[in-house]
There are 2 protein chains.
Amino acid sequence: MAKSGEILSKLTEQGYRITPQRMMILDAIENAEDHISAEEILTLVCLQYPNVNISTVYRTLELLKQLGMVTETDFGDGRVRYHSIKKGRHHHLVCQKCGGIVDMEESIFNPVKETLLEQYGFDADIHHMAIFGYCKKCR
Amino acid sequence: MAKSGEILSKLTEQGYRITPQRMMILDAIENAEDHISAEEILTLVCLQYPNVNISTVYRTLELLKQLGMVTETDFGDGRVRYHSIKKGRHHHLVCQKCGGIVDMEESIFNPVKETLLEQYGFDADIHHMAIFGYCKKCR
DNA sequence: ATTATTGATACAAGGACTTGCAGTTGCATA
DNA sequence: TATGCAACTGCAAGTCCTTGTATCAATAAT
């Protein structure tokens, strides 16, 4: 179960329980090469323990999201994907023509966040966004 | 059917047909007080002509979105809402604690759009976004 | 005018989540 | 080590939206 120790202890701190399901789900996300979908997580988990339910996966993802351990991104293909915060924060540029996806620095939203705080007193929580548009080649 | 004339003629120009369903759906969106959901559109349309199907509503919304006549926003409450571009472009700040929604100027994203174009050659199409975070009171 | 062709629609089935509920389990405490 | 209970899970049913298919209507070609 690798080095997910910190996250697990954070769960305990906040009064949440550590269950085999949660450990396996967390493991799947942390070991994933790329952004992973709920269905893919379930498939991986079921290799170890077949009777885990998809709703448990969704509920755990919701929890991990709330605790800021995982981010959720909609790439516009009809299913949402998840990513461990430990593997780095970033956003995505999705080309609406060729479908290409390019990663982009998180800092790009800093000016927007500052303006929102100044003008609206709003503390924006912008994490792992997919921005749609047209890439260099396609526009 | 009010002053939807431009939009209807734009449909014709692009080789799309003007059907009663499309007119009624467009009408529902334009006359809506606020951002309206697909289900609400269907209810309104069915007052006039009961046999219209929800899938026609979704397909029409998809078309109007593509033509840039309507924007789609996810306020995070499990259903997406639509808004006529004629009634003004703007974004929303959604408070994750109190649920309050504040409109925000479109121009706030201009610096981001410029940076994306310079650094990535990406022409971002940022329309009608909902940004989550905490409002003045709640943070 | 008659026949293709294309486009739009209703209906039904499917996919991605979400929710209610009854039963199970982790874990604090005795 | 047992026990109490809130937290968690699996299951089934439900919601919102999408897609496949056959049918129907409008325009274009013959």
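Convention: sequence-line order gives letters A, B, ...; per-chain numbering from 1.
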Using atom CE of A/Met23 as one end and atom P of D/dT9 as the other, report the distance to the nearest whole Å.
13 Å

Short side-chain donor-acceptor distance under 3.5 Å, B/His90 and B/His83:
no

Give one of base, sugar-phosphate or nothing for B/Gly15, where a contact means two heavy atoms less than 4.0 Å apart.
nothing

Interatomic distance where CD belongs to B/Gln14 and P belongs to C/dG7 [whole Å]
14 Å

Is the closest side-chain heavy-atom distance between B/Lys136 and A/Phe122 below 4.5 Å?
no

It should be established whether A/Gln21 places a side-chain nitrogen or oxygen under 4.0 Å from OP1 or OP2 of nucleotide C/dT25.
no

Hey, is the side chain of A/Asn53 poking within less than 4.0 Å of OP1 or OP2 on D/dT9, counting only N and O atoms?
no

Let's see if you get this right: which residues in residues 58-77 of chain A place a heavy atom under 4.0 Å from DNA chain D?
A/Arg59

If you define the side chain from C-beta out and look only at heavy atoms, does anything of B/Leu11 sit under 4.5 Å from B/Arg17?
no

First encountered from the 5' end of DNA chain D, between B/Glu39 and B/Arg17:
B/Glu39

Sub-4.5 Å side-chain heavy-atom contact between B/Val57 and B/Val45:
no

Answer with base, sugar-phosphate or nothing: what part of the nucleic acid does A/Ile18 contact at a heavy-atom distance below 4.0 Å?
sugar-phosphate

Rounded interatomic separation in angstrom, taking CG from B/Leu42 and P from D/dC17:
12 Å

Report yes if some heavy atom in the side chain of B/Lys113 is under 4.5 Å from a heavy atom in the side chain of B/Leu117; otherwise report no.
no

Rounded to the nearest Å, what distance is computed from the OH atom of residue B/Tyr49 to the C1' atom of nucleotide C/dA8?
12 Å

B/Tyr16 atom OH is separated from C/dT9 atom P, nearest whole Å, by 13 Å

With respect to the phosphate group of D/dT9, does any side-chain polar atom (N or O) of A/Thr56 fall under 4.0 Å of OP1 or OP2?
no

Pairwise side-chain contact, A/Leu26 with A/Leu64, heavy-atom cut-off 4.5 Å (strictly under):
yes

On DNA chain C, nearest-nucleotide positions of B/Ser55 versus B/Arg22: which is more 5'?
B/Arg22

B/Asn51 CG to C/dA12 P: how many Å, rounded?
12 Å

Want to settle it: does A/Thr19 or B/Arg81 sit nearer the 5' end of DNA chain D, counting the closest nucleotide to each?
A/Thr19

Once you round it to whole Å, what is the distance between P of C/dA8 and CE of B/Met24?
16 Å

Take B/Glu72 and B/His127 through the test side chain to side chain contact (heavy atoms under 4.5 Å, CB included) and record every step on the way to the result.
CA-CA 8 Å; B/Glu72 183 190 78; B/His127 39 228; over 6 Å; no

Mind calculating the distance between CG (A/Leu26) and P (D/dC8) to the nearest angstrom?
14 Å

